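One structure is given below, encoded as structure tokens.
Since this is a predicted model, take the numbers as computed values, not measurements. Numbers here simply count residues along the sequence, with the first being 1.
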Amino acid sequence: MSYIDGFLIAVPVAQRDAFIQHAGTFDAIILEYGAVRVMECWADDVPHGKLTDFHRAVQARDDEAVVFSWIEWPDKATRDSGMAKFMNDPRVTAGGDMPFDGKRMIFGGFAPVVSLPGG
């Protein structure tokens, strides 16, 4: 079964186009290293909760949107190898400024337990 890396970040609304360009560049590199699919999703219907929510999770300010992203890998071994190569790739290490505050990024690796319609 596949392996998933999930990410949650706050991106300034004014930096939307810069984020899309940045993501397109770096996501292409991830695909080179074995990822099957990468999704970058800009908040569209993300409510503020009474106790917790996506906005609070990344300390999003009023001028920021929440972005939910994931990378699908064929398996954890490919992910571990691919992420190591990605993190050492000179195109990534020299990547310049990110159009978001990486210190407020939440990320983690997940082993799927249910996959519909198959997989």
For this session: Inspect the surroundings of CD in Glu32 and state if more than 12 heavy atoms from other residues, nucleotides or ligands are less than 6.0 Å away.
Result: yes

Exercise. Measuring from Leu31:CG to Glu72:CD, what's the distance to the nearest 0.5 Å?
Worked result: 11.0 Å

Problem set entry | Side-chain heavy-atom pair Met39, Asp27 within 4.5 angstrom cut-off | no

Exercise. Does Trp70 share a hydrophobic cluster with Ile29, counting links as ILVMFWY side-chain heavy atoms below 4.5 Å and allowing steps through other members?
Worked result: no

Exercise. Where do Ile4 and Ser2 come nearest, in terms of heavy atoms and distance?
Worked result: CD1-OG, 4.2 Å

Problem set entry | N/O donor-acceptor pair under 3.5 Å between Arg56 side chain and Gly49 backbone | yes

Exercise. Same cluster or not: are Met98 and Val13 linked, directly or through other Ile, Leu, Val, Met, Phe, Trp or Tyr residues, by side-chain heavy atoms under 4.5 angstrom apart?
Worked result: no

Exercise. Which heavy-atom pair separates Cys41 from Ser69 by the least distance, and what is that distance?
Worked result: N-OG, 4.4 Å

For this session: Taking the side chain as every heavy atom from C-beta outward, state whether Ile9 and Phe107 have any atom pair closer than 4.5 Å.
Result: no

Problem set entry | Over all atoms of both residues, closest heavy-atom pair of Ala10 and Val58 | CB-CG2, 3.8 Å

For this session: Identify the heavy atoms of Ala84 and Asn88 that sit nearest to each other, and give their distance.
Result: O-ND2, 3.0 Å

Problem set entry | Note, Arg16 side chain near Phe19 side chain (heavy atom, < 4.5 Å) | no

Exercise. Does Asp44 CG have over 12 foreign heavy atoms under 6.0 Å away?
Worked result: no

Exercise. When hydrophobic residues are tied together by side-chain contacts of less than 4.5 Å, even through go-betweens, does Met83 share a cluster with Val38?
Worked result: yes

Problem set entry | Stepwise side-chain contact (heavy atoms from CB on, under 4.5 Å) check, Glu40 with Val67 | CA-CA 7 Å; Glu40 305 283 357; Val67 173; 4.2 Å; yes

Problem set entry | Side-chain touch Tyr3/Val36, heavy atoms, less than 4.5 angstrom | no

Exercise. So if you build clusters from Ile, Leu, Val, Met, Phe, Trp, Tyr with side-chain heavy-atom gaps below 4.5 Å, do Val46 and Met105 land together?
Worked result: no

Exercise. Minimum heavy-atom separation for Asp5 to Gly109, with atom names?
Worked result: OD1-CA, 3.6 Å

Exercise. About how many Å separate OG1 of Thr93 and CE of Met87, when rounded to the nearest 0.5 Å?
Worked result: 9.5 Å

Exercise. Which pair of heavy atoms, one from Val66 and one from Ala60, lies closest together, and at what distance?
Worked result: CG2-CB, 4.3 Å

Exercise. Hey, what's the ring geometry for Phe68 with Phe54, parallel, tilted or perpendicular (30° and 60° as the breaks)?
Worked result: tilted

Seminar exercise, completed: One should read off an interatomic distance between Ile71 CD1 and Phe26 CZ, to the nearest 0.5 angstrom, of 12.0 Å

Problem set entry | Beyond-backbone contact of Gln15 with Phe100, side-chain heavy atoms, under 4.5 angstrom | no

For this session: Please examine the side chains of Arg61 and Arg104, heavy atoms only from C-beta on, and report whether any two atoms are closer than 4.5 Å.
Result: yes

Exercise. Does a side-chain N-to-carboxylate-O contact under 4.0 Å join Lys85 and Asp89?
Worked result: no

Seminar exercise, completed: To the nearest 0.5 Å, atom CZ of Arg79 lies from atom CZ of Phe86 at 12.5 Å

